[in-house]
2 protein chains.
Amino acid sequence: MSTSKRVTITDVARQAGVSIKTVSNVINNSGSMRPETRERVRKTITSMGYSVNYSARSLKTGVSKLIGLATFDFTQSFTALFAQSLIEVARERDYGVVINTYDLDGTGLPEAVDRIPSLGADGWIFLSGKPLANEGAILQQQYPIVFVGDFDAYGKADSVRVPSREAMDALVSRLLAKGFRRIGLIGAPEGVDANNVMQASEGAGPLRLRGFVEAFSRLGIPVDWNLVIPESRWLSSDGERAIRDLLGRVACPEIIICLNDALAFGAVHELQRMGLQIPQDVQVIGFDNVQECQFSTPTLSTVDLHMEAFASAAVDMLIGRINGDTGPFQTVTTDFTFVERASTRALR
Amino acid sequence: MSTSKRVTITDVARQAGVSIKTVSNVINNSGSMRPETRERVRKTITSMGYSVNYSARSLKTGVSKLIGLATFDFTQSFTALFAQSLIEVARERDYGVVINTYDLDGTGLPEAVDRIPSLGADGWIFLSGKPLANEGAILQQQYPIVFVGDFDAYGKADSVRVPSREAMDALVSRLLAKGFRRIGLIGAPEGVDANNVMQASEGAGPLRLRGFVEAFSRLGIPVDWNLVIPESRWLSSDGERAIRDLLGRVACPEIIICLNDALAFGAVHELQRMGLQIPQDVQVIGFDNVQECQFSTPTLSTVDLHMEAFASAAVDMLIGRINGDTGPFQTVTTDFTFVERASTRALR
């Protein structure tokens, strides 16, 4: 590669008789200058064959300054929220982000991981939508990895987890302490029930359901399993259907906890369609604190999982490994906060 | 690379005395089988050192079966909607998607493009958030490119555009034909006004504003520029603020068109907070038809820009080029549909 002959932005600025900043503004179609100046700089760029050389840094340092994210698709609002937080945090650290998506229903993470050698990032963040097979063997790779989400990393990589069980336990404990008893839950995992819920050790659904049950158990209050509705996909349409299932069988609970905000939006929609007023007749709370919670009617109370801190922890651990940190693997669990908006009056 | 010695899924199945499908189920933690079987297959996988080999196909054919998407971040709901459509369409064509994000406010697309040589996709889809500098020189690369969005490709690559001007013209023409006159618009680009709107030739904002003005002009009805509110970011918080700006100055319009759904959610929220009823007092319509439109209160009328057809066109053009199509560059403009929901009663 003949990098020594490459035309630089300084060459262009000198030739056009303008500042480097002005050339940069022309390249980015930004800034304010006389149209003739913009045109002259544009012509200079073309005549000199200048092209922006971001990989010069990479050639010099041997690193790409690129972090990889392997994630399932964007049907879940959580994915976009996490990706956006990751992009912002990485940008502050002067890293770009490349995202390799995989099919949650198909071959999944193994397929994404097999493609990683051809994608030149310095390290990868794996967001898994399923438990890891084969005792997390997929985490044993030649490049730095941080594993994020709610699943077990088997001690084979740094990992960052959200406090799913703890947040739900604290939420339900608060509601029970205020005297609420008829509390519904939408989005329970299929196959986890009264018999095996206390064995749940990974997965947002199983852990949140376990936290729910533990809060009741601590006070010796039985869980009403008629109020626990399984929904595995967590889309708004599922929340809508769950409400029909629930209210087709039992009287409306006092409070309905949804395992993500998308489910809650669907639930709120269907409850209102049925003529119920929120929060007067029934209170609704979600998980994630996506942006839309602030603009729905009513605005949505939710559990904020501190997505920026979550992304920061993952990025900082990964950059540490990229820079040669060889210490033992760490697991970080981020914090949570309840955000009370108009869909509840029970959280303060 | 000693691919000939690599342990295959067939070897594992034979050794463990199970079907290939069963091994696949163990790898993916899916399917139903006796726990002992799962454990035995897992042990066989570990002892034989098997790892899933998706890149074998790549080694054989010289292609990665990966499409790249260069896009700005996920603050805009449109980005997630388009990425998700692209992922689904690509998956149907047996391609994966890798996403290289860039900073819309910073060095932008040039930085993303400079990283592309290190990201092993067979071809790239560029989604630009700004006009291309230097007469689209960035589209002249060594790999297949399809350019998508609302900006000019200068004839230097295949491109897919949404019908921003046409859709807005048709929408406003329909409203005017029904007798509505006081129609507001939120999200107008800064710097485009009555003096230069007819010169707008690219960009979703300028083109939609131009379509708005053209519909009025065709009937000889003057546009009331007091009802046109500039907002360049198109987030819900901007929609909220735009309503305060608008109603701080003039009486509420009969209909408010928002240049994307996120703006509309913010507008609806603020209108309701001010005590206005939708659609009785004011009707609101968005653009994009994101999933949340179906679950907001009221549900949101919007312009559907046929995102799946948009993604299909881009993917199919790109795969054609990857497979050696050397014909002249094409521009495809997708179709649109009005979706009437509870926030309007004027669209039928």
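Lettering of chains follows the sequences in order, A, B, ..., and the numbering in each one begins at 1.
In this structure, chain B has a heavy atom under 4.5 Å from the backbone of Q294(A), while its side chain stays farther away. If you measure heavy-atom distances from T299(A) to chain B, the contacts under 4.5 Å come from the side chain alone. The contact between I87(A) and chain B is made entirely by side chain atoms (from C-beta outward), counting heavy-atom distances below 4.5 Å.
Q272(B) and T297(A) share a side-chain donor-acceptor pair at under 3.5 Å.
Interface summary for chain B: among N100(A), V97(A), I138(A), the most heavy-atom pairs under 4.5 angstrom belong to V97(A). Considering only heavy-atom pairs separated by less than 4.5 Å from chain A, the leading option among S236(B), G266(B), A80(B) is S236(B). In terms of heavy-atom pairs under 4.5 Å with chain A, the best-connected choice from A83(B), A121(B), S237(B) is S237(B).
One finds the OH atom of Y102(B) at 11.5 Å from the CD atom of E111(B) (value rounded to the nearest 0.5 Å). Annotation: the span from N289(A) atom CG to L300(A) atom CG amounts to 8.5 Å, rounded to 0.5 Å.
In this structure, the side chains of D73(A) and Q84(B) come closer than 4.5 Å at one or more pairs of heavy atoms. Looking at heavy atoms from C-beta onward, F265(B) lies out of side-chain contact with S296(A) at the 4.5 angstrom threshold.
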